[in-house]
Amino acid sequence: MLPPLLDWYAAHARDLPWRQEDCSPWGVLVSEVMLQQTPVARVEPIWHEWLARWPEPGDLAAEPTGEALRAWGRLGYPRRALRLHACAVQLTEEHGGLVPADLGALRSLPGIGSYTAAAVAAFAFGIRATVVDTNVRRVQARAVTGEALPAPSLTVAETALAQRLLPVDPGTAARWSVAVMELGALVCTARSPACGRCPIQQSCAWRAGGYPAYDGPPRRGQAWHGTDRQCRGLIMAALREAPDAVDLSALTALWPDAEQCARALDGLVADGLAERVGQGRVQLPG
DNA sequence: GACTCGTGGAC
DNA sequence: TGTCCAAGAGT
């Protein structure tokens with residue numbers, strides 16, 4: 001199944017800016033953090049703005065965190081912007097302003113977990129790293145294990161399988177990983193997989209088994225309406241849109257439950273996403 | 001391990 | 001309309 005998938009990728013891969021030959025490791029790292037839980041279409045324009053404004057880690061490190069938060073826009077999970085900024089600072093102070101070509105060093109950066117470290121190592125430096133994201137998990141579950149969907153959270157067995165499937169040659173391994181991810185994103189999708197145009201349908205265990213339905217533990221949806229998350233989102237949107245500090249009263253007006261709103265704001269301040277200034281006013285951290 | 005953490009598009 | 005989902009990480 002290796003050659004068909006690599007050939008398919010060569011023919012059908014999307015032309016994404018962070019896949020360009022001249023994209024810097026910093027550009028790859030920024031893209032990977034932005035893409036955590038966020039669709040490509042929403043990331044692309046923001047990625048261009050970030051790379052134009054902060055072409056190197058040192059450029060971002062020189063800014064206050066509030067600028068990163070404002071430029072993050074509505075990508076969601078704004079703590080990622082904070083961690084990206086912290087990344088830039090750490091790269092500047094400890095790595096000469098460069099992204100390290102080392103899995104362990106990458107993993108020690110803020111906001112860089114096992115997936116992102118492997119992805120940057122593989123895609124920016126051609127290192128043979130085991131890249132396991134939600135696409136890889138789903139493709140493996142279907143094509144190899146014969147199940148409709150992977151378990152709710154990553155298992156050791158899945159990582160071991162991905163490692164076993166990974167081609168030996170480092171450059172080929174990196175192309176393989178991005179090809180599996182692309183297949184999961186474009187063909188072997190969660191909702192309605194396009195099995196008819198799948199390059200590895202002949203060797204797919206899920207297909208061979210007659211496409212059995214998912215029978216694992218229930219997948220928990222994330223609550224939203226009325227939660228602290230929704231309230232935090234409203235507050236952050238207000239802070240981003242305001243040119244400077246916002247009155248506390250303007251924030252509590254956004255939410256029916258004043259007590260919950262106050263608690264949400266406390267959380268944002270504790271997380272470094274917001275900052276209290278004098279006279280009951282709040283702003284993005286300066 | 002179970003939670004928490006944004007946002008918007010697709011169905 | 002509500003539910004599911006999207007290149008996860010940190011606690």
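By convention in this document, chain letters (A, B, ...) are assigned in the order of the sequence lines, proteins followed by strands, and residues within each chain are numbered from 1.
There is a path of hydrophobic side-chain contacts, each under 4.5 Å, that joins A:Val139 to A:Leu165.
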Determine whether A:Asp247 and A:Gln279 satisfy the following criterion, side chain to side chain donor-acceptor pair (under 3.5 Å), listing intermediate values before the conclusion. CA-CA 8 Å; A:Asp247 279 321; A:Gln279 305 100 24; over 6 Å; no
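Nucleic acid contact class of A:Trp18 (heavy atoms, under 4.0 Å, all strands): base. Within 4.0 Å of A:Ile235, counting heavy atoms only, lies no atom of the nucleic acid at all. A:Ala119 comes within 4.0 angstrom of no nucleic acid atom, judged by non-hydrogen atoms across all strands. Across all strands shown, A:Ser192 has no heavy atoms under 4.0 Å from either base or sugar-phosphate atoms. Residue contacts shown for A:Arg240 are limited to sugar-phosphate atoms, with no base heavy atom under 4.0 Å away. Contacts of A:Gly113 with the nucleic acid, taken as non-hydrogen atoms under 4.0 Å apart, involve only primed sugar atoms and P, OP1 or OP2. In this structure, A:Ile112 reaches the sugar-phosphate backbone alone: every heavy-atom distance under 4.0 Å involves primed, P, OP1 or OP2 atoms, never a base. Residue contacts for A:Ser114: at a heavy-atom cut-off of 4.0 Å it reaches the sugar-phosphate backbone alone, with no base atom in range. As judged by a 4.0 angstrom heavy-atom cut-off over every strand, A:Arg137 is placed among residues making no nucleic acid contact.
Here B:dG6 presents its C1' atom at 14 Å from CD1 of A:Ile46, a figure rounded to the nearest Å. Spacing between atom CZ of A:Arg220 and atom P of C:dA6 amounts to 18 Å, rounded to whole angstrom units. Nucleotide C:dC5 holds its C1' atom 11 Å from the CG atom of A:Asn135, rounded to whole Å. To the nearest angstrom, P of B:dG8 lies 15 Å from CD of A:Gln222. We find that CD of A:Gln36 is positioned 18 Å from P of B:dG8, with the value rounded to whole Å. Rounded to whole Å, the distance from CG on A:Leu154 to C1' on C:dA7 is 14 Å. One interatomic measurement links the two molecules: CG of A:Leu82 to P of B:dC5, which rounds to 15 Å at whole-angstrom precision. In this structure, A:Gln230 places its CD atom 13 Å from P of C:dG2, rounding to the nearest Å.
The base of B:dT7 is paired with the side chain of A:Arg42 by a donor and an acceptor separated by under 3.5 Å. Taking only distance into account, the side chain of A:Thr38 meets the base of B:dG6 through a donor-acceptor pair shorter than 3.5 Å.
Look at the P atom in both C:dA9 and B:dG8: the space between them is 23 Å, to the nearest Å. Atom C1' of B:dC3 sits at a distance of 22 Å from the matching atom of C:dA7, rounded to the whole Å.
Residue order along DNA chain C, read from the 5' end via each residue's closest nucleotide, puts A:Val40 first among A:Arg83 and A:Val40.
Distances were taken from every side-chain heavy atom of A:Arg191 (C-beta onward) to each of B:dG9, C:dA7, C:dA6; the shortest belongs to B:dG9. Of the candidates B:dC5, C:dA9, C:dA7, the closest approach to any side-chain atom of A:Tyr77 belongs to B:dC5. Distance from the side chain of A:Arg74 is smallest for B:dT7 among the nucleotides B:dA10, B:dC5, B:dT7.
At least one side-chain heavy atom of A:Leu69 sits under 4.5 Å from a side-chain heavy atom of A:Leu82. Between A:Leu284 and A:Met236 the shortest side-chain heavy-atom distance falls below 4.5 Å.
Exactly one residue among A:Arg83, A:Arg229, A:Gln36 makes a side-chain hydrogen bond (donor to acceptor under 3.5 Å, both in side chains) with A:Tyr77. That residue is A:Arg229.
Distances shorter than 4.0 Å separate some side-chain N or O of A:Arg138 from OP1 or OP2 on C:dA6.
Ion pairing of A:Glu182 with A:Arg19 is present here, as a side-chain N (NZ or NE/NH1/NH2) and a carboxylate O approach within less than 4.0 Å.
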